[in-house]
Amino acid sequence: MAASSVLVVEDTDEIRELVSTVLGRAGMDVRAVASGAECMAEVRRDPPDLIVLDLGLPDTDGTELCRQIRAETPAYVLMLTARAEEVDLLIGLAVGADGYMAKPFSPRELVARVQAMLRFPRTAPAAAPEAAAADERVRRLAELEVDEETREVRVDGAVVDLTRTEFDLLAALAARPGRVLQRETLLREVWDTDWEGNLRLVEAHMSNLRRKLVAAGLQTPEIRTVRGVGYRLVAA
Ligand code: CA
């Protein structure tokens with residue numbers, strides 16, 4: 001299997017080199033650039049599987065760049081921010097990154113986050129698998145369809161545009177309808193981390209996911225919050 005390709009976009013030399021080095025040591029094929037313009041040129045030349053994106057770049061607003069990346073490639077985006085407080089702001093803006101890390105971050109945590117995101121293939125297979133095999137990968141719950149093969153979610157047959165993280169959260173819930181999934185379980189399954197500082201990240205992504213499903217017209221099943229514990233998917 002080919003190594004996963006990662007594009008690092010960061011204008012601070014030391015951080016760019018640190019990130020490139022730790023990801024390279026973890027066996028990834030790493031490219032690095034220092035500006036938004038170079039980032040988009042690389043994305044168009046050879047789309048990576050994942051992009052580590054610095055929010056504060058000299059030539060482009062990181063949130064705008066993230067939207068541009070989203071429009072052109074299904075690559076995962078892990079955004080680096082200068083301050084922890086920026087993470088809340090960005091999640092609120094729904095810029096569409098799959099994860100956020102505030103500087104300074106632990107290189108080990110960064111590698112773990114990147115590896116967790118890369119567990120799933122970047123693109124859906126071009127050829128449709130046999131119907132029987134495909135059916136096992138599609139979960140139908142009332143108006144909701146979660147297709148793990150194509151990583152598509154449909155409400156009454158219409159595709160809902162979700163980020164990869166939102167899809168992973170919904171797929172985890174849909175695999176066990178009616179059961180309560182603890183936030184810690186979701187952290188382990190979706191982000192591959194036990195770090196409790198990330199619990200609010202689960203809440204923020206869940207709230208974006210819910211908002212999108214409601215906007216798509218989904219009435220049943222619905223994602224219910226079990227206060228202080230976690231979430232479950234239930235027929236309304
Ligand atoms: Ca910067």
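Atoms within a ligand are numbered from 1 in the order they appear, just like the ligands themselves. Residue indices begin at 1 and follow the sequence shown. Just the heavy atoms: all of them, side chains too, but no hydrogens, waters or symmetry mates, feed the values below.
In summary, L57 places no N/O/S atom under 3.0 Å from the Ca ion (ligand 1), failing the contact criterion.
The side-chain heavy atoms of L57 and L65, taken from C-beta on, include a pair separated by under 4.5 Å. Contact annotation: the side chain of E222 never approaches that of R210 to less than 4.5 Å [non-hydrogen atoms, C-beta and beyond].
The name of the N, O or S atom in D54 nearest to the Ca ion (ligand 1) is OD2. Within D11, the N, O or S atom lying nearest to the Ca ion (ligand 1) carries the name OD1.
Each of L169, L181, L186, T185 was compared with Y231 under the side chain to side chain contact (heavy atoms under 4.5 Å, CB included) criterion, and only L186 meets it.
Within 6.0 Å of the CZ atom in R45, the count of heavy atoms belonging to other residues, nucleotides or ligands exceeds 12.
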